[in-house]
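Down below is the structure, laid out as structure tokens.
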Amino acid sequence: MSGNWWSMGLRNSAQEALRSRLAKDPYYRFQSVEELQLAARLGVAIDVNQASVDDWLRLPGLSIHQARSLSTLTQSGVQFHCLEDIAAALSLPVQRLRPLEPVLQFCYYDPESLCAIQPANPNTASLEALIRVPAIDLFLARAILQHRQRYGPYRNLADFQQRLALPPGLVAELMHYLRF
């Protein structure tokens, strides 16, 4: 009986330590499958169809190349419906990814829904596509295109803000709609 109590104490201690790490670093990279399972019990989940490179890198055993590949696929509109889809995209056996499953969420996003955010890449989007982004009017869309043609692609959101001299409030509105 005392052995059970002791192991429960260790489990609670590990849970608290992980909870503390997660609170300090939302992109904490899980060190083991056990830690990943514990994180899942704490409510950590990664939406595979919205995951960034940083989200994918949290998973033990995934390389930067694999994380970039998955993120690029979802940004281009590919949706993952199950673990087998991710395995196929990475050319890996599904058994290799099975330990990651507790934190993976497969959410469906209807691209035709009025509620769905349709991100635009300001480095490739047409004038029409930019105008469809909330908070971008015709004047700003033209400025984005002119700046892109004259000075080249935008590196990231900070570069975008600086080059167009956009106010922080507008950038806060746009950041959910732009992907670089």
Side-chain angles (χ1 to χ4, degrees), residues 3-4 6-125 129 132-133 153-160 174-180:
N4 259 350
W6 186 75
S7 66
M8 260 179 58
L10 280 178
R11 229 175 315 169
N12 288 341
S13 173
Q15 206 169 28
E16 286 307 312
L18 183 59
R19 188 185 314 264
S20 174
R21 275 188 234 126
L22 292 172
K24 291 177 187 165
D25 182 5
Y27 291 106
Y28 173 74
R29 186 164 184 168
F30 301 109
Q31 304 300 310
S32 67
V33 172
E34 292 78 22
E35 211 173 62
L36 190 83
Q37 291 169 341
L38 184 57
R41 286 194 298 273
L42 291 171
V44 172
I46 296 173
D47 178 348
V48 300
N49 290 309
Q50 297 288 316
S52 67
V53 172
D54 288 331
D55 293 324
W56 286 112
L57 283 176
R58 298 181 72 193
L59 302 174
L62 281 187
S63 70
I64 183 75
H65 173 73
Q66 291 167 323
R68 283 183 181 146
S69 178
L70 292 170
S71 183
T72 300
L73 284 169
T74 56
Q75 285 180 8
S76 72
V78 172
Q79 287 198 9
F80 298 117
H81 300 285
C82 60
L83 196 61
E84 288 78 5
D85 290 351
I86 295 172
L90 296 176
S91 298
L92 293 173
V94 73
Q95 296 83 358
R96 168 130 166 6
L97 298 175
R98 193 76 61 204
L100 307 178
E101 204 166 20
V103 297
L104 299 180
Q105 278 187 329
F106 294 87
C107 300
Y108 174 74
Y109 298 92
D110 180 5
E112 302 303 316
S113 169
L114 296 176
C115 300
I117 293 175
Q118 299 298 317
N121 183 337
N123 292 318
T124 58
R132 284 193 296 265
V133 173
Y154 302 99
R155 292 187 313 261
N156 52 37
L157 189 61
D159 181 50
F160 182 79
L174 292 174
M175 72 180 166
H176 297 286
Y177 297 98
L178 301 179
R179 297 288 180 264
F180 296 86

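Just the heavy atoms: all of them, side chains too, but no hydrogens, waters or symmetry mates, feed the values below.
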Open item on the list: Which heavy atom of A51 sits nearest to which heavy atom of T74, and what is that distance?
Closed with: O-OG1, 4.2 Å
- [ ] Output the distance between atom NE2 (H81) and atom CD1 (I86), rounded to the nearest 0.5 Å.
- [x] 11.0 Å
Task: Nearest-0.5 Å distance that lies between atom CG in D85 and atom CG in L70 - done: 11.0 Å
Open item on the list: I'd like to check R58 versus V103 (side-chain heavy atoms, cut-off strictly below 4.5 Å). Are they in contact?
Closed with: no
TODO: Please tell me if the side chains of P122 and Y154 come closer than 4.5 Å, counting only heavy atoms from C-beta onward.
DONE: yes
- [ ] Please confirm whether the backbone N or O of A120 pairs with a side-chain atom of R132, one donor and one acceptor, at under 3.5 Å?
- [x] no
- [ ] Would you mind reporting whether Q66 and W56 have side-chain heavy atoms less than 4.5 Å apart?
- [x] no
Task: Heavy-atom pair with the smallest gap, counting every atom of L36 and P60 - done: CD1-CD, 4.0 Å
Open item on the list: Quick check against the 3.5 Å criterion: does D55 have a side-chain atom that pairs as donor or acceptor with the backbone of I46?
Closed with: no
Open item on the list: According to salt bridge (Lys or Arg N to Asp or Glu O under 4.0 Å), who are the partners of R155, at least two apart in sequence or on a separate chain?
Closed with: D159
TODO: Please assess Q105 against N49 for the test side chain to side chain contact (heavy atoms under 4.5 Å, CB included), listing each intermediate value before the final yes or no.
DONE: CA-CA 8 Å; Q105 278 187 329; N49 290 309; over 6 Å; no
Task: Heavy-atom pair of closest approach, residues P102 and Q37 - done: CG-CG, 4.2 Å
- [ ] Starting at CG of D54, measure out to OH of Y28 and round the result to the nearest 0.5 Å.
- [x] 15.5 Å
- [ ] Look up atom CG in L157 and atom CG in L174, then write down how far apart they are to the nearest 0.5 Å.
- [x] 8.0 Å
Open item on the list: Using side chain to side chain contact (heavy atoms under 4.5 Å, CB included), reason through L73 and F80 one step at a time and then give a plain yes or no.
Closed with: CA-CA 9 Å; L73 284 169; F80 298 117; 4.1 Å; yes
- [ ] Could you grab the distance from atom OG1 of T124 to atom CZ of F180, nearest 0.5 Å is fine?
- [x] 10.5 Å
- [ ] Please report the C-alpha distance between L83 and R98 in whole Å, then the side-chain angles of each, then the deciding distance to 0.1 Å, and finally whether the side chain to side chain contact (heavy atoms under 4.5 Å, CB included) criterion is met.
- [x] CA-CA 8 Å; L83 196 61; R98 193 76 61 204; 3.6 Å; yes
Task: Under 3.5 Å: donor-acceptor pair, side chain of R179, backbone of Q75 - done: no
- [ ] Check whether any side-chain N or O of T72 sits under 3.5 Å from a backbone N or O of R68 as a donor-acceptor pair, and report yes or no.
- [x] yes
Task: 4.5 Å side-chain heavy-atom contact, L178 and N121 - done: no
Task: Listed partners of R21 passing salt bridge (Lys or Arg N to Asp or Glu O under 4.0 Å), at least two apart - done: E35
- [ ] Find the distance between CZ (F30) and CG (L100) and round it off to the nearest 0.5 Å.
- [x] 10.5 Å
